[in-house]
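Okay, so here's the structure we're looking at.
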Amino acid sequence: MRRAGRIAKVPPYLFAEIDRKRREAVARGVDVISLGIGDPDLPTPEFIVERLTREARDPSTHRYPPYQGTADFRRAVALYYSQRFGVSLDPETEVIALIGSKEGLAHLTWAFVDPGDAALVTDPGYPVYGIHTLLAGGQVIPLPLSPDNDFLPDLDAVPEEARERATVMFLCYPNNPTAGTADLEFFARAVEFARRHDILLVHDSAYVEVTFDGYEAPSVLQVEGAREVAVEFGSLSKPFNMTGWRLGYAVGSRQAIEALGIVKTNTDSGQFEAIQRAGVEALTNPLSREFISGMRAVYQRRRDLALGTLLKLGCPVRLPRGSFYIWAPVPTGHTSAGFATHVLERAGVIVTPGSAYGDRGEGYFRVSLTLPDERLEEAFQRLAACVNW
Ligand SMILES: *Cc1c(COP(=O)(O)O)cnc(C)c1O
């Protein structure tokens, strides 16, 4: 059997070692607490589940759905954009439904990266952007993120040659994994950069609703003219605890949406129509804004709990305004992977090594706040007993 060369380009799975140690610990009877995976612990709101169960009984949902998503779902996304961001979208040409935004981000790369092209990808970053660039035969050019620049890339520092070869640039705010946030002024600079260099700006807004202290994260499409050069990916996973449902969307540039549609039409056949109808409920029911404020309060309480402990231990961590992650430097003398192993062996707690998100993630670890308060509290008590900065 000869596997395609592109498979060998996928970097080794950094969690493999941790996973092996986790299984060993569990086998020894250790009550392992995982702060590793960003997957909400709370259930999907009842009114959304209710709508799905009702629609699943309607046989008209049992057939292949329209490729670009149902007209109702696309209209619901457009309505959400106009109410939440004051951005008007044409549901016919500027919105497409996705089987989760991860699916769309992966397929978009195939529509925009040829062998020899490059993608500007933040480092650290969500691995999908870079890995699909490599699979498509492109080159990844990292845009370093550091706390000195509030986890925003320095676009002026992108070399001339990189600007020429890049066909896409991936950004994500509120950011996974650094929890950095971006304001409209930064987005305006990114849009200008994309326009000047004929690069498609891809903004991943998975955490746009997961924000704290009254902060409301913007959409890149609020920037004048952004829809000509930018496409924004959204997901129902994080705001509505719907990670298992697989429903998201892309909005913005018609050319980008059309190109993504060409890849998708030839790959998948869309999400179950009953799920799309439940997605309409999530995006348009007035109960949703109430649900989202409750969700924000839950994560804000957990953030404060986690941050309180880390600060007491002397960890120089920043107060995040968005995402449900805490991104913090490991104590001196540790590597990211070494620290993750240390806390698993000493405390039975799993954290994600920052190096899993790129070279610039080395020296950091990520904690996800997606587990019940008592478990989070217990995890941080155990950490406090075996680490300090
Ligand atoms: C969770 C996550 C997504 C994927 O969400 P799905 O819609 O569930 O595929 C996309 N981007 C980032 C940065 C994420 O953390």
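Start at 1 and go down the list; that is how both ligands and their atoms are numbered.
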For atom 1 (C) of ligand 1, what is the closest protein heavy atom, and at what distance to 0.1 Å?
K238 NZ, 1.4 Å
Parallel, tilted or perpendicular for H334 and H342, by the 30°/60° rule?
tilted
Purely on distance, is any nitrogen or oxygen of Y325 under 3.5 Å from one on ligand 1?
no
For ligand 1, is G38 a contact, meaning one of its heavy atoms is under 4.0 Å away?
no
Does atom NZ (K9) have a neighbourhood of more than 12 heavy atoms from anything else shown, all under 6.0 Å?
yes
For W389, run the side-chain contact (heavy atoms from CB on, under 4.5 Å) check against T332, L310, L311 and tell me which one passes.
L310
For R246, the ligand 1 atoms whose distance to one of its heavy atoms is below 4.0 Å:
6 (P), 8 (O), 9 (O)
Contact partition for Y207 relative to ligand 1, non-hydrogen atoms under 4.0 Å
side chain
Relative to ligand 1, is S101 under 4.0 angstrom through side chain, backbone, both or neither, heavy atoms considered?
both
How far apart are the C-alpha atoms of D150 and R321, what are their side-chain angles, what is the distance that settles it, and do they pass the salt bridge (charged side-chain N to carboxylate O under 4.0 Å, His left out) test?
CA-CA 12 Å; D150 296 325; R321 280 200 301 176; over 6 Å; no
Check for me whether D204 has a heavy atom closer than 4.0 Å to any atom of ligand 1.
yes
Going by the order shown, which atoms of ligand 1 are within less than 4.0 Å of some heavy atom of G100?
7 (O), 9 (O)
Contacts of R246 meeting salt bridge (Lys or Arg N to Asp or Glu O under 4.0 Å) (sequence neighbours excluded), chain-then-number -> none
Under the salt bridge (charged side-chain N to carboxylate O under 4.0 Å, His left out) criterion, do D19 and R22 qualify, and how do the steps go?
CA-CA 5 Å; D19 206 47; R22 181 189 61 82; 3.3 Å; yes
Among protein heavy atoms, which lies nearest atom 8 (O) of ligand 1, and at what distance?
S237 OG, 2.6 Å
I'd like to know if E92 and R74 make a salt bridge, using a cut-off of under 4.0 Å between side-chain N and carboxylate O.
yes
Determine whether the side chain, the backbone, both or neither of E103 has a heavy atom under 4.0 Å from any heavy atom of ligand 1.
neither
A student checking ligand 1 against C172 at a 4.0 Å heavy-atom cut-off should list atoms 13 (C)
Polar atom proximity, K102 to ligand 1 (N or O, under 3.5 Å):
yes
Can you list the steps and then say if T70 with E273 is a side chain to side chain contact (heavy atoms under 4.5 Å, CB included)?
CA-CA 7 Å; T70 66; E273 196 160 328; 3.6 Å; yes
